[in-house]
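Have a look at the structure below, then the notes.
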Amino acid sequence: MVYRKLTKGLGLLIVLGMLASPSIAVEDEVKGLMLIIEQQLDDPGARQQAMQAGRNRALLCSYCHGNDGNSVKPDVPNLAGQNPVYLLDQIGKFARGERKNFVMNSLAKNFTLDDKVNLAIYYADQTVQPRPQNKSLAARGQRIYTQRCMSCHGEQGHGSAEYARLAGQRPEYLHLTLERFRANERGEQQDGEDVRRSPIMESIAGRLSDENIEVVVAYLAGLE
Ligand code: HEC
Ligand code: HEC
């Protein structure tokens, strides 16, 4: 369905051409994905169909990410409430092997563009269930968040097309992910670990102490 709709707009055809090119700049890639998602969301009929198709497809994912995108396993991220463009971008990274996780790599490779768009739209529309943490740790975390994270991840941690939503994310996953970025920055060996590269996040996480991570996670996990 997405393909047929897209062929109607020459501008979007160019976008798809750009997506196929490996040399494309990251910002342009995100802009391209944004156009695809916006086109679906702007048309109420298309949106409805995408939600239905996404919900059906999500059966595969619910074992780990939960029926409504609230994860049922500590090291698995919530997808509920996440920005749809960010979700689509990450699924693309798993499909291309730029982000490594055995299950996610094999699942993402078999998705059509329709599947990816529908899943992203479905999960983005679900409501995340925050897990409030220790109040004094969270208050200390808020100070770090405001100084070092807010400029990209947003005032309330709700993220954007380019930057992940962090509000209400599972604490164990936040912890693990920040430690992985930090280990990359420090050149520590991560044999057999899921690999995720992000020059921006690696340099930021490289400057976080264990305590910084603990408190910022306590703040974010409880945020609505
Ligand atoms: C067996 C468990 C499992 C299943 C099933 C699974 N996932 Fe995942 N998924 C994971 C794990 C673990 C990660 C985190 C990988 C990492 O740490 O980088 C992840 C990460 C993701 C992310 C990135 C989220 C973020 O915050 O960056 C997306 C998007 C995603 N999965 C979508 C899906 C979709 C869509 C399906 C179903 C088609 C699915 N997953 C099925 C385990 C699973
Ligand atoms: C200059 C912009 C920028 C700042 C500042 C920033 N981040 Fe990020 N962050 C990013 C980008 C870009 C990504 C996505 C990387 C990718 O695509 O894999 C990201 C991803 C993340 C993720 C993974 C989210 C997920 O769902 O997998 C976490 C956790 C995170 N950032 C935490 C933080 C924390 C905590 C801080 C402050 C200490 C921070 N970030 C500051 C740009 C930023």
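Atoms within a ligand are numbered from 1 in the order they appear, just like the ligands themselves.
Geometrically, ligand 2 and Gln90 share a nitrogen or oxygen pair separated by less than 3.5 Å. Considering backbone and side-chain N/O atoms, Arg197 never comes within less than 3.5 Å of an N/O atom of ligand 2. By the 3.5 Å distance cut-off applied to N or O atoms, Asn78 is not counted among the residues near ligand 1. Note: an N/O pair closer than 3.5 Å links Arg180 and ligand 1 by distance alone.
Neither the backbone nor the side chain of Tyr219 comes within 4.0 Å of ligand 2, counting heavy atoms alone. Contacts between Tyr173 and ligand 2, counted as non-hydrogen atom pairs separated by less than 4.0 Å, involve the side chain only. Only the side chain of Leu166 comes within 4.0 Å of ligand 2, counting heavy atoms alone; its backbone N, CA, C and O stay farther away. Under 4.0 Å from ligand 1, not a single heavy atom of Thr177 appears.
Distances shorter than 4.0 angstrom do not occur between any heavy atom of Met150 and any atom of ligand 2. Within the 4.0 Å heavy-atom cutoff, Lys73 does not count among the residues contacting ligand 1.
What sits closest to atom 25 (C) of ligand 1 on the protein, heavy atoms only, is Tyr86 OH, 3.6 Å. Of the protein's non-hydrogen atoms, the one nearest atom 22 (C) of ligand 1 is Phe94 CE1, 3.6 Å. The protein atom (non-hydrogen) at minimum distance from atom 15 (C) of ligand 2 is Ser198 OG, 3.7 Å. Counting protein heavy atoms only, atom 20 (C) of ligand 1 is closest to Pro77 CG, 3.6 Å. Nearest non-hydrogen protein atom to atom 35 (C) of ligand 1 is Cys61 SG, 3.5 Å. The shortest contact between atom 31 (N) of ligand 2 and any protein heavy atom is with His153 NE2, 3.0 Å.
Distances from atom 8 (Fe) of ligand 1 show that His65 has an N/O/S atom below 2.8 Å. Between atom 8 (Fe) of ligand 2 and Met201 there is an N/O/S contact shorter than 2.8 Å. None of the N, O or S atoms belonging to Cys149 lies under 2.8 Å away from atom 8 (Fe) of ligand 2. For residue Met104, an N/O/S atom approaches atom 8 (Fe) of ligand 1 to within less than 2.8 Å.
Nearest residue to atom 41 (C) of ligand 2 from Glu202, Arg196, Gln169, Arg148 is Arg148 (criterion: closest heavy atom).
The minimum heavy-atom distance linking Ala50 with Ile121 is given by the pair CB-CD1, 4.1 Å. Annotation for Tyr145 and Gly154: closest pair OH-O, 2.7 Å, computed over non-hydrogen atoms. Of all heavy-atom pairs spanning Asn78 and Ser71, the tightest one is OD1-N, 2.8 Å. Taking each heavy atom of Pro171 and Val217 in turn, the nearest pair found is O-CG1, 3.5 Å.
Every atom of ligand 2 with a heavy atom of Leu174 under 4.0 Å away is listed here by number and element: 29 (C). Listed by number with element, the atoms of ligand 1 under 4.0 Å from a non-hydrogen atom of Leu107 are 6 (C), 39 (C), 41 (C). Of all atoms in ligand 1, listed by their number and element, those nearer than 4.0 Å to a heavy atom of Leu119 are 35 (C). Set against the non-hydrogen atoms of Leu178, the atoms of ligand 2 under 4.0 Å away are 32 (C), 35 (C). Close approach of ligand 2 to Ala164 (heavy-atom distance below 4.0 Å) involves ligand atoms 24 (C), 26 (O). Listed by number with element, the atoms of ligand 1 under 4.0 angstrom from any heavy atom of Leu60 are 5 (C).
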